[in-house]
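For reference, the structure I am asking about is given below.
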Amino acid sequence: MEPQTVRDRMVDRIQHMLKHAVIKDPRFLDDEQLIRAEQLALIEEIFNASVRDTEIEELSSHFAGILRGDHPCHLAVWGKTGTGKTLTLTYFLNLLTELAKSRQVDVRHVHLDLSTPQPCFRALNNLACLVGASKSHKKGISLEELMVNTEEALADQSGYLIIFVDEVDNVRRDRDTFLKFLVRRLPQKIRARLILVFVSNRLNWPDQLDPRVKSFLKLNELLFKPYDARDLEHILNIRIEKALYPDTVELAAIKKIGGLAGHDHGDARKAVALLVKSAYLAEKAGTKITLALVDQAVDELHCDRYVALLRTAPVQLKAALAGVIEASDRAKGRAVATGGAFDAYRRFCDRVGQRPLSGRAFGDLLAELDVHAFIRSSVVSHGRRGRTREITLDIPREIVAQLSDVIRMDFNLRR
DNA sequence: TGTCCACAGGAAATACGGGGGT
DNA sequence: ACCCCCGTATTTCCTGTGGACA
């Protein structure tokens, strides 16, 4: 019998949702929400499934000397994003410290997290905070002073000190100063034996180093291979078991997620994100996670990425994109030249009462839009009619429409 | 063959903000 | 209150350039 009243329909819907719930514990879909112990347990479970075995083995042999009183050299770890570098290292170093303690070897490690790009100053500052050398300054203190503070705080410690520098290449500007300090200066000022662990996702990272630092830096190298589809399936299964109700995922869907993520980067984070999105879609649809839903999740993630990126982007970048969109509309699909886009941008600024930037700066904004894949641009010469970027909007229409909405909201525009 | 357009994109200068030491 | 230090954002100035056109 058809439900008649609002109340009936509501009860019906709720019962349906309960019966077809997919997500059991959403916390396990988002690492941020887990407490530290849970995170470590999760990692352990993943490693137990013999994922990352070779890497852990290599790490062990690299650091084994510590327990014998040797001094291992520094270590450089490479691998693409989402291959578990940070996780593995954290886990490993914790274990190592514990093990060393049980054998009366004094080992300390600090994790200097540079996962967001930051200048030399903040990096040094963070390091100083980690070793308890100073409180968190924002500005206004000289680099020298930070270094001295750090040295003093560490001066009379003995044993081993492992500094785990996560995502080194995120130190913008004066990277050499930063590294010179770590590699050359610090070891001479402290009693403890220093072992540096650098993590980076770019293989050619040491190439662009100051030669004086480079020659000083004796490195052992370790490469994290991207996860393959099998690893990813392991990881997904562990998540699924913890976060979802049993029997809510089609087997083929797991394979598909693993395959997709493995295929394009071997990035575990992406795989989990895809699982999460699929799970929410399934919950909404009141079904299991099916292949079709995975496809839909891929599309939505794609779209979300753009929208999220734009939401948090600086105003000028939004305005620039608005200009490109407008110019692009006007050009009816043909490519737009820099000048045209700039004019449109200036008109837009005029309309919303914002001061437009110079042409030079606009060029940089375009470059930025390009790296975020909002637009595609290439420099083309039209002979005597000059050289320009030819700009095309490289995004599906629906997404462009959504982006326009974001921009309109931001600038309080109607229509 | 040389000219010259319409920009690209590097370098340095400037503006602005804000925090620390004294 | 003053000066110093640092960061980011932007401007100003500049040199460079592929190739259609005269």
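Quick note: numbers below take in every heavy atom, side chains included, and nothing from hydrogens, waters or symmetry partners.
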Subject >> Whole-Å gap separating C1' (dG9(B)) and CG (L365(A)) >> reply: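 Rounded to the whole Å, the gap is 14 Å.
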**OP:** Could you tell me the separation between the CG atom of L357(A) and the C1' atom of dT14(B), rounded to a whole number of Å?
**Re:**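 Whole-Å distance recorded here is 15 Å.
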**OP:** Would you mind reporting whether Q316(A) and Q354(A) have side-chain heavy atoms less than 4.5 Å apart?
**Re:**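 Touching, per the 4.5 Å side-chain cut-off.
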Original post:
Roughly, in whole Å, what's the span from NE2 in H382(A) to P in dC7(B)?
Top reply: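 After rounding, the reported distance stands at 10 Å.
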Original post:
Is there a donor-acceptor pair closer than 3.5 Å between any side-chain N or O of R52(A) and the backbone N or O of T83(A)?
Top reply: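 Answer holds: yes.
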Original post:
Counting side-chain heavy atoms from C-beta on, which of dT12(C), dA20(C), dG18(C) comes nearest to S358(A)?
Top reply: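 My answer, after comparing the listed nucleotides, is dT12(C).
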**OP:** Assign each of G383(A) and T338(A) to its nearest nucleotide of DNA chain B by heavy atoms, then name whichever residue's nucleotide is nearer the 5' end.
**Re:**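 Of the two residues, G383(A) wins.
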Original post:
R385(A) CZ to dT3(B) C1': how many Å, rounded?
Top reply: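 Checked: the CZ to C1' distance equals 16 Å.
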Subject >> Salt bridge flag under 4.0 Å for residues R408(A) and D405(A) >> reply: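 Yes, this pair counts.
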**OP:** Let me know the distance between CZ of R387(A) and P of dC4(B), rounded to the nearest Å.
**Re:**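 Interatomic distance, CZ of R387(A) to P of dC4(B): 18 Å.
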Subject >> Distance-minimising heavy-atom pair for D370(A) and R376(A) >> reply: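 That would be OD1-CA, 4.1 Å.
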Subject >> 4.5 Å side-chain heavy-atom contact, L222(A) and H62(A) >> reply: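 No, their side chains stay 4.5 Å or more apart.
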Subject >> Nearest listed nucleotide, side chain of V379(A), among dA8(B), dT11(C), dG19(C) >> reply: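 The nucleotide sitting nearest to the side chain is dA8(B).
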Original post:
Does a nitrogen or oxygen in the side chain of R355(A) sit under 4.0 Å from OP1 or OP2 of dT11(C)?
Top reply: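 Looking at the OP1 and OP2 atoms of dT11(C), one of them is under 4.0 Å from a side-chain N or O of R355(A).
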Subject >> Sugar-phosphate, base or nothing in reach of G363(A), heavy atoms under 4.0 Å >> reply: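 No contact.
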Subject >> Whole-Å distance separating the CD atom of E390(A) from the P atom of dC7(B) >> reply: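 Nearest whole value for this atom pair: 12 Å.
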Original post:
D364(A) or G386(A): which one's nearest nucleotide on DNA chain B is closer to the 5' end?
Top reply: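 Final value for this comparison: G386(A).
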Original post:
What's the CZ-P distance between F362(A) and dA6(B), to the nearest Å?
Top reply: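 The answer, rounded to whole Å, is 17 Å.
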Subject >> T388(A) side-chain proximity, nearest of dT10(C), dC7(B), dC4(B) >> reply: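 Closest nucleotide to the T388(A) side chain: dC7(B).
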Subject >> Closest to the R360(A) side chain, choosing from dG18(C), dG10(B), dG2(B) >> reply: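 Of all the options, the side chain of R360(A) is nearest to dG10(B).
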**OP:** Take atom CZ of R389(A) and atom P of dA6(B), then tell me their distance rounded to the nearest Å.
**Re:**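 It is 17 Å, rounded to the nearest whole Å.
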Original post:
Which of the following nucleotides, dG18(C), dT10(C), dA6(B), is nearest to the side chain of Q316(A)?
Top reply: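 Selected nucleotide: dT10(C).
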